[in-house]
Amino acid sequence: LLSTQVWAFPVETSTTRRPPYSVRVPTMILPPNAVNQQHPHVASGRNGRKGPNVRLAIAAAWLVGYCCGVLFPSPPRLVSSSSNYDRAIANLVRAATPAKATTRISTSTEGTAEQAFAKLHLLITTFPGGFEQDFRPVFVRSLQFFWPREHIRLTVVLDNTVAKNDEERQHMIQKIKSFFDADLQNRIDVKFHPNTDPSIFGPGYDIQQNIGFWADNFTDAEYIGIVDDDTLFTRAIQPRDLFDEEGRPHAFSKYISGVFPNETRFRSCTRWKSGTHWALGWRGYVNAMTYFPVVLHRSFLPKIRKYILHVHPEFSTFDAFFQKLWSRQTRGYSQFEIMFEYLWHYQRNEFNWHLEPEWIDDFWRDGIPLEKASQFPHIQPGSPQYNNVTDDQLRPFPRIAVHGSYIPGGRVPRRRIGRVVQLMKQGYCFSQPWDAIANKVNGSTSGGDDFVVIHRRCQAYKVETDVNIDGEWLFESEGKWARLNPSGAAMAHAERMKRNSPHNFSQKELRLIFRE
């Protein structure tokens, strides 16, 4: 598609988006993935065998499905009363054994990190009012400095209201491309989103969320990395930062923990859960609005939209569902939380997950107690172990970007540029090849600089001993991993430092940020 083309979304009818009949089983709350990968509402009994009541329910469900000619997994249903919930929990505690990790569902994401990284295309939504506040001075500047230039591929999505005709549209495209270095401008695509009626799709925040759900309509890339326009990259990026050795995307998430229910921060970190619960039909556990870029395979987006319409047969199109979502929730939802809650249940093995606690205070540090769950109907209770989170998934893993307008020192726009420069300098120093830093000798350092230059620029940073809190462990307000598990964070940081390799930093930018 030409960069000037306006996307026309496909017309999707109820017959193509959801089955006419859905199979349902007895209602109970289960630990997510104390499950069968195909049927997340079925709990396993002792030794992996189904209990007699569940076996009977499964047999009946399959029989009905066979007669109707349709089998489709139904979302876990909430119980109708606290007494039913308590009985369900008691039965689970006695009988349910956490399921072992399931095998990979498909081979669509297999391959090395380098192969997957080569298929990655970033996607960002922005608007003219934010060009000079965040998009250009925060995102574009840090992207060009830290991302391997030969792998920069970006789609910028704007509302179609920013241009009245083709001439204005072409002017807007050229303006956005002018923000990038000349050698990168042909790697930047600009698309215009047609669904901008605020009476249908809500204000700017909601339109941005809607674009995320339809990201596969704006790029043909196999992997899509979604970012906000205030994303600030904080170190030289390598394929292994975004994909594991099998080519699976890294997925960061937080789970509710460590906060007293009456606290403002508890209400803040749970406000999206009601939207997730309404959209998917089960209690929410993961929150993926905790890292950038949010990377997923393009094939998962239509699956997410289709599943949501299965849960909501009252809507014939996804946009009809979305109109209800934003109007009933009033920013009480997150595209990333809904997407990755679905992926946590149905495509868990297609990602390398990294789960971090929301808060680490002593109160309910392991999550909402099971006996208190009926008081919080939108949140999945239980500890990470109860919810089948593995030890590997709880290990710290360093990030490569922060949410620029939410970090300490970056919330005020006039101070944000200074914070950007500070993190770019720090990121440059923590990106140097480890041998050159550890041995204090000249070698294959980044940008052709010898160690004397690097030492002069980086002497203010304890590169050999520090763990780069602001650049690797902080996304918005506070890095929980570094506080909860400092030794684990230090080990993960050291492993990342040993993977450092020469990066082609812009000498012009280096002279600017170090005032040389």
Donor-acceptor contact present, side-chain [X] to main-chain [Y], <3.5 Å:
X	Y	result
Arg419	Pro408	yes
His493	Asp466	yes
Gln144	Asp181	yes
Asp244	Gly247	yes
Arg298	Asn217	no
Gln238	Arg499	yes
Glu356	Trp481	yes
Arg416	Arg411	yes
Ser257	Trp359	yes
Gln380	Gly284	no

Distance-only donor-acceptor check, side chains Thr276 and Glu337, under 3.5 Å: yes
Side-chain donor-acceptor pair present, Ser383, Asp366, cut-off under 3.5 Å: no
Drop me the distance from [X]'s [atom1] to [Y]'s [atom2], to the nearest 0.5 angstrom.
X	Y	atom1	atom2	result
Thr155	Ile188	OG1	CD1	8.5 Å
Glu464	Met497	CD	CE	9.0 Å
Asp206	Gln335	CG	CD	10.5 Å

I'd like a table of donor-acceptor pairs (distance under 3.5 Å, sequence neighbours excluded) in which one partner is a side-chain atom from residues 122-133, with atom names and distances.
residue, atom, partner, partner atom, Å
Thr125, OG1, Gln208, NE2, 3.2
Thr126, OG1, Asp229, OD2, 3.1
Glu132, OE2, Arg136, NH1, 3.3

Which atom names give the shortest non-hydrogen contact between [X] and [Y], and what distance separates them?
X	Y	value
Gly212	Leu301	O-CD2, 3.8 Å
Gln393	Asn388	OE1-O, 4.0 Å
Met172	Leu158	CG-CD1, 3.4 Å
Leu232	Ser142	CD1-CB, 3.6 Å

Would you call [X] and [Y] a side-chain contact if the rule is heavy atoms closer than 4.5 Å?
X	Y	value
Pro502	Pro433	yes
Arg153	Leu184	no
Leu242	Pro293	yes
Asp470	Leu423	yes
Val295	Leu120	yes
Ile224	Thr219	yes
Thr231	Phe233	yes
Arg365	Leu484	yes

List in chain and number order the residues that pass side-chain contact (heavy atoms from CB on, under 4.5 Å) with [X], two or more places apart in sequence or in another chain; answer none if no residue qualifies.
X	answer
Glu516	Arg456, Arg457, Arg511, Phe514
Ala251	Tyr291, Phe340, Phe351, Trp353
Glu476	Met289, His403, Tyr406
Phe397	His250, Phe252, His354

In terms of side-chain geometry, is the basic nitrogen of [X] or [Y] positioned less than 4.0 Å from the acidic oxygen of its partner?
X	Y	result
Glu114	Arg240	no
Arg235	Glu472	yes
Asp241	Arg399	no
Asp216	Arg305	yes

Verdict with reasoning, Asn468 to Gln426, per side chain to side chain donor-acceptor pair (under 3.5 Å): CA-CA 8 Å; Asn468 194 13; Gln426 186 171 316; 2.6 Å; yes
Test of ring centre spacing under 6.0 Å for Phe292 and Phe475: yes
Phe218 and His193 aromatic centres sub-6.0 Å: yes
Test ring-ring contact (aromatic ring centres under 6.0 Å, His included) applied to Phe300 and Tyr342, step by step: CA-CA 10 Å; Phe300 294 150; Tyr342 169 88; 8.1 Å; no
Under the ring pair (Phe, Tyr, Trp, His ring centres under 6.0 Å) test, residues paired with Trp364 that sit two or more places apart: Phe376
Ring geometry between Tyr428 and Phe145 (parallel below 30°, tilted from 30 to 60°, perpendicular above 60°): tilted
Aromatic ring pairing Tyr285/Tyr255, orientation class (parallel under 30°, perpendicular over 60°, tilted between): parallel
Among Phe180, Phe505, Phe139, Phe117, the one residue meeting ring-ring contact (aromatic ring centres under 6.0 Å, His included) with Trp147: Phe117
Worked check of side chain to side chain donor-acceptor pair (under 3.5 Å) between Glu222 and His297: CA-CA 6 Å; Glu222 185 170 344; His297 195 274; 3.3 Å; yes
